[in-house]
Number of protein chains: 2
Amino acid sequence: MNIGDVAILSGLPAKTIRYYEDIGLVKPLRSSNGYRTFCERDAHRLAFLGRARALGFSIEDCRSLLALYGDEKRASAEVKEIAEQHLQRIDKKIAELTEMRVTLSFLVDACTGDHRPDCPILADLAMKQSDEEQPNQ
Amino acid sequence: MNIGDVAILSGLPAKTIRYYEDIGLVKPLRSSNGYRTFCERDAHRLAFLGRARALGFSIEDCRSLLALYGDEKRASAEVKEIAEQHLQRIDKKIAELTEMRVTLSFLVDACTGDHRPDCPILADLAMKQSDEEQPNQ
DNA sequence: CTAGAGCTTCCACTCGCTGGAAGGTCAAGC
DNA sequence: GCTTGACCTTCCAGCGAGTGGAAGCTCTAG
C-alpha cells in the first residue's frame with residue numbers, strides 16, 4: 001500500500017501520516033522508488049492513532065497506548081491509568097470552559113447590542129469603576 | 001513604570017508583555033537607557049488584555065476589543081458580535097470535550113484496571129473484532 | 001567597586017499538524 | 001516514444017500564544 005491508500009483506509013491525511021513516521025509512530029518500509037510501503041499492521045496502527053487522537057489523547061499518550069497495545073503482557077491497569085489521567089484533563093478543561101461560558105453569557109445577555117457605545121462587556125474587561133478595589137478573597 | 005512594575009500590576013509575565021509589544025497590542029515608550037516605560041494607560045490596556053485572555057478571547061479578538069474600547073463612537077453591537085462568536089466557539093469546544101468524556105468514561109468504567117492484559121480501552125481503539133464493519137449511518 | 005536584580009535582544013522550542021515549493025515516478029492515452 | 005496528470009518524495013515555513021535561556025547592558029545598595 002502506498003501512502004494514499006492507507007490515508008483513505010485510516011482517514012488520516014497523507015501529511016499527517018508522514019509526520020507520524022517522522023516522530024516514530026509508524027515505520028513503513030520503502031520500495032525501490034523511495035515510496036513508503038505500508039503493511040496491514042501499519043494501516044491498523046494508523047487507524048488506532050486516528051481513534052486515540054479523536055478521543056483527545058496526546059501524541060505521547062498515543063505512543064504509550066500503542067506500546068501497551070503491542071505488549072501482550074501489559075496490565076490493563078497501565079492503560080486505565082493513562083485514560084484516567086486524560087479524563088481528568090478533559091474534566092479540567094470542561095470546567096475552565098464552563099466557567100468562561102458563565103461569565104461570558106452573563107455579559108452577552110447584559111449587552112443591548114445596539115448602536116449605542118455603552119457596553120457591559122467592555123466595562124467588565126476594563127473594570128474601571130471602583131470594581132478594581134473589590135477584594136476577591 | 002518599568003516592565004516589572006506593570007507585570008505585577010497587570011498580573012502578566014514580563015515575557016508576555018514584551019510579546020504583546022512585538023505584536024502591537026501595547027506601545028510603551030522607551031527611556032534613554034532603552035528600558036520600556038509604561039504609562040497608566042498601558043497598564044490599563046494590559047490588565048484589559050489579561051482579563052480578555054482569561055475569558056478565552058483570541059489575541060485577534062483582543063485586538064478588536066481594545067480598538068472598540070478606545071473608540072467612543074463604537075456600537076455595542078460590534079462588541080456583542082465578537083463575544084457571541086466566542087461564546088459559540090466555547091460551546092462547540094465544550095460539546096466536543098463532553099463527547100470525548102462520554103466515550104472515555106464509559107471505557108474507563110469498563111476496564112478492570114488490574115494485572116491482566118484484557119482491556120476494553122485498547123479493544124475499542126483497535127476496533128478489530130467485527131465492529132469495523134458496523135455502519136455508522 | 002562589586003554583587004545582584006532587573007532590563008535588553010535574539011533565537012529556539014512547545015504541539016500537532018498544514019501548506020507550499022521543487023522535483024522524482026508511474027500509468028494511461030495518443 | 002511522449003505527454004499529461006496523479007501520485008509520491010523532501011524540505012522549509014507557519015499557525016497560536018507564549019516560554020526558556022543565553023549573552024550582555026544598567027541600575028542600586030552596601
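Just so we're on the same page: letters track the sequence lines, and every chain starts at 1.
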Figure out the [atom1]/[atom2] separation between [X] and [N], and round it to whole Å.
X	N	atom1	atom2	result
B:Arg30	C:dT8	CZ	P	6 Å
A:Ile17	C:dG16	CD1	P	17 Å
A:Arg36	D:dC7	CZ	C1'	13 Å
B:Leu49	D:dA17	CG	P	12 Å
B:Ile23	D:dG18	CD1	P	7 Å
A:Arg63	C:dC17	CZ	P	12 Å
A:Arg18	D:dC11	CZ	P	12 Å
B:Arg53	D:dG16	CZ	P	11 Å

Hey, is the side chain of [X] poking within less than 4.0 Å of OP1 or OP2 on [N], counting only N and O atoms?
X	N	answer
A:Tyr20	C:dC17	yes
A:Asn33	C:dC26	yes
A:Thr16	C:dG16	no

Residue mapping more 5' on DNA chain D - nearest nucleotide basis, B:Tyr35 or B:Ile59: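 The residue closer to the strand's 5' end, by nearest nucleotide, is B:Ile59.
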Touch class at under 4.0 angstrom, heavy-atom based, for A:Ile3 against every strand present: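 It contacts sugar-phosphate atoms only.
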Sugar-phosphate only, base, or nothing, as touched by B:Phe57 at under 4.0 Å among non-hydrogen atoms: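 Here B:Phe57 touches no strand at all.
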Position toward the 5' end of DNA chain C (nearest nucleotide), A:Ser58 or B:Ala14: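 The residue whose closest nucleotide sits nearer the 5' end is B:Ala14.
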Verdict with reasoning, A:Asp109 to B:Lys80, per salt bridge (charged side-chain N to carboxylate O under 4.0 Å, His left out): CA-CA 9 Å; A:Asp109 286 351; B:Lys80 191 170 183 171; over 6 Å; no
Neighbour count above 12 (heavy atom, 6.0 Å) for A:Glu99 CD: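 It does not: A:Glu99 CD has 12 such atoms or fewer within range.
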Donor-acceptor pair (no angle test) under 3.5 Å: B:Tyr19 side chain, D:dG16 base: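 Counting by modelled atom types and ignoring angles, no donor-acceptor contact under 3.5 Å is found here.
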Check: C:dG20 base within 3.5 Å donor-acceptor of A:Lys15 side chain: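 Per atom types, the contact qualifies.
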CG-SG distance between B:Leu29 and B:Cys39, expressed to the nearest 0.5 angstrom: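 Those atoms lie 7.0 Å apart.
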B:Gln85-B:Glu81 side chain donor-acceptor pair, cut-off 3.5 Å: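 Judged by distance alone, the side chains do pair up.
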Working for salt bridge (charged side-chain N to carboxylate O under 4.0 Å, His left out), residues A:Asp124 and B:Arg51: CA-CA 9 Å; A:Asp124 184 90; B:Arg51 284 186 288 262; 6.0 Å; no
